[in-house]
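What follows is a short report on a single structure.
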Amino acid sequence: MKNVDLLVLGHTAFDYIMQVEEFSKLNTSALVNKMDTLHGGAAGNVAVVASKLGLDVGLISCIGKDFKDSDYEKYLNELNIDISDMILSEDTNTPTAFVLTNPQDEQMFYFYWGAAKMYSQSDIPKAAIDNARAVHLATGDPTFNIKAGKYAYSQKKLVSFDPGQDLHLYSTNDLKELISNCNILFGNEHEIEHISDLLEKSIDEILEDGPELIIKTLGSKGSTIFVKGDEPIDIEVVPTKAVDPTGAGDSYRAAFLRMFLRDNTLETCGRFGSTVSSYIVEAQGTQTNIPSIDQALERMDNNWSESTENLN
């Protein structure tokens, strides 16, 4: 793998997004009014958004026999995202997410693990980590992420970690080990609270033992950046008409890291993350409405009435 700003490890997945009249009852069927097949997976989302915002990105995921020559593979290549170290399963398909939404905006999720079983059989990508400035650990196999995180941290790489919906796969000891080997912990309010409960520690206590930053995203309430040895920073949400919240968190993480790796202030990193995620929720799909860097900076400037001309 070539030298990159950001190496992203975790799921790249096909997303089936369905609008249904109602959720089916046991032993019955329900009508699907609309269905789209889209690009997704938390790692894939972060990699694509980060690339579109100007970072050189590498992506390593477990992919299946159906990924070769797919539109998703072609798209990643068009973005010059380095996927040369992808882990291929010859006998299973690529991880796939099924998301069902009813008229009340309630959702049901199903996830096909598929080729992701290869994580447990694979060595961590030390050479790719060596060639990266930062490593982001997204949803994926806990053992693989722990080994990769420990190696990256030992090599003085910036390590960020977001367990996402795979948090339930991590034991308390898993979390202790990985959090003690990362610089930034990302999570939504429910995930951060659950981590705090599992570790039996407050956010300040977690910061003392592990990462320098904990970023808690709060949906329509914005986000909060907790800083070791300093006061939390509250970031307002960017008002917009939300169509689909899926992928907002991944885009926030990518945008935050883009600004952080360019040595901007934490407040700027958070505001940029909030701005980019405001675009994502305006359309269905996690990678459908990604702004350019100029579009994001303009909206950020308009929302906070401050100049973005001198940002890196």
Closer than 3.5 angstrom, by distance alone: can the side chain of [X] be matched with the main-chain N or O of [Y] as a donor-acceptor pair?
X      : Y      : answer
Asp82  : Ser84  : yes
Thr268 : Asn264 : no
Tyr112 : Thr94  : no
Asp15  : Ile17  : no
Arg299 : Thr275 : no
Thr92  : Ser89  : no
Asp250 : Ala43  : no
Asn289 : Ile280 : no
Ser274 : Glu236 : yes
Gln295 : Ser292 : yes

How about [X] and [Y]: do any of their side-chain heavy atoms sit closer than 4.5 Å?
X      : Y      : value
Ile184 : Ile215 : yes
Met108 : Val99  : no
Tyr119 : Thr143 : no
Asn188 : Leu218 : no
Ile225 : Pro232 : no
Glu189 : Lys221 : yes
Thr12  : Pro95  : no
Val46  : Asp162 : no

Please check if atom [atom1] in [X] has more than 12 non-hydrogen atoms from other residues, nucleotides or ligands closer than 6.0 Å.
X      : atom1 : answer
Gln104 : CD    : yes
Lys216 : NZ    : yes
Lys228 : NZ    : yes
Asp91  : CG    : yes
Lys126 : NZ    : no
Lys157 : NZ    : yes

same_hphob_cluster([X], [Y]) at 4.5 Å side-chain heavy-atom cutoff:
X      : Y      : result
Leu261 : Leu79  : yes
Val276 : Val238 : yes
Leu55  : Leu158 : yes
Ile179 : Phe144 : yes
Ile235 : Val237 : no

Determine the interplanar angle of the Phe186 and Tyr252 rings, folded into 0 to 90°, and report it as parallel if under 30°, tilted if 30 to 60°, perpendicular if over 60°. perpendicular
Parallel, tilted or perpendicular: which one describes the rings of Phe111 and Trp113, with boundaries at 30° and 60°? perpendicular
Show, in sequence, the C-alpha distance, side-chain angles and deciding distance for Met300 and Asn303, and conclude whether the side-chain contact (heavy atoms from CB on, under 4.5 Å) test is met. CA-CA 5 Å; Met300 181 176 165; Asn303 194 71; 5.9 Å; no
For the student: nearest non-hydrogen atoms of [X] and [Y], plus distance:
X      : Y      : answer
Gln165 : His168 : O-ND1, 3.1 Å
Cys62  : Ala116 : CB-CA, 3.7 Å
Pro103 : Val20  : CD-O, 3.2 Å
Leu178 : Gly149 : CD1-CA, 4.3 Å
Ser278 : Thr240 : O-CG2, 3.6 Å
Glu106 : Phe23  : O-CZ, 3.3 Å

Reported [atom1]-to-[atom2] distance for the pair [X] and [Y], which is rounded to 0.5 angstrom:
X      : Y      : atom1 : atom2 : result
Glu267 : Trp304 : CD    : CH2   : 9.0 Å
Leu213 : Leu207 : CG    : CG    : 8.0 Å
Arg271 : Ile233 : CZ    : CD1   : 10.0 Å
Asn145 : Glu177 : CG    : CD    : 12.0 Å
Ser196 : Ile203 : OG    : CD1   : 6.5 Å
His11  : Asn45  : NE2   : CG    : 12.0 Å

Determine, stepwise, if the pair Ile63 / Ile87 fulfils side-chain contact (heavy atoms from CB on, under 4.5 Å). CA-CA 6 Å; Ile63 45 96; Ile87 301 166; over 6 Å; no
Evaluate the criterion side-chain contact (heavy atoms from CB on, under 4.5 Å) for residue pair Arg133 and Val4; output intermediate values, then yes/no. CA-CA 7 Å; Arg133 183 179 169 198; Val4 296; over 6 Å; no
With sequence neighbours excluded, residues passing ring-ring contact (aromatic ring centres under 6.0 Å, His included) with Tyr170: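 With neighbours one apart ignored, the set is Phe161.
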Given Phe98 and Tyr110, is the ring pair (Phe, Tyr, Trp, His ring centres under 6.0 Å) satisfied, shown in steps? CA-CA 5 Å; Phe98 301 88; Tyr110 293 89; 7.5 Å; no
Checking Tyr75 against His39 for the ring pair (Phe, Tyr, Trp, His ring centres under 6.0 Å) test, could you report, in this order, the C-alpha distance in whole Å, the side-chain angles of both residues, the deciding distance, and whether it holds? CA-CA 9 Å; Tyr75 182 56; His39 305 152; 5.4 Å; yes
Applying side chain to side chain donor-acceptor pair (under 3.5 Å), run through Asp130 and Tyr151 and close with a yes or a no. CA-CA 9 Å; Asp130 290 340; Tyr151 179 76; 2.8 Å; yes
side-chain contact (heavy atoms from CB on, under 4.5 Å) assessment of Glu22 paired with Asn102: CA-CA 6 Å; Glu22 60 180 357; Asn102 68 14; 5.8 Å; no
Could you walk me through whether Gln19 and Asn33 pass side chain to side chain donor-acceptor pair (under 3.5 Å), step by step? CA-CA 6 Å; Gln19 303 292 328; Asn33 290 332; over 6 Å; no
Evaluate the criterion salt bridge (charged side-chain N to carboxylate O under 4.0 Å, His left out) for residue pair Lys201 and Asp209; output intermediate values, then yes/no. CA-CA 10 Å; Lys201 291 182 178 181; Asp209 294 339; 2.2 Å; yes
So, applying side-chain contact (heavy atoms from CB on, under 4.5 Å) with Ser160, which one of Val135, Leu137, Leu257, Val8 is it? Leu257
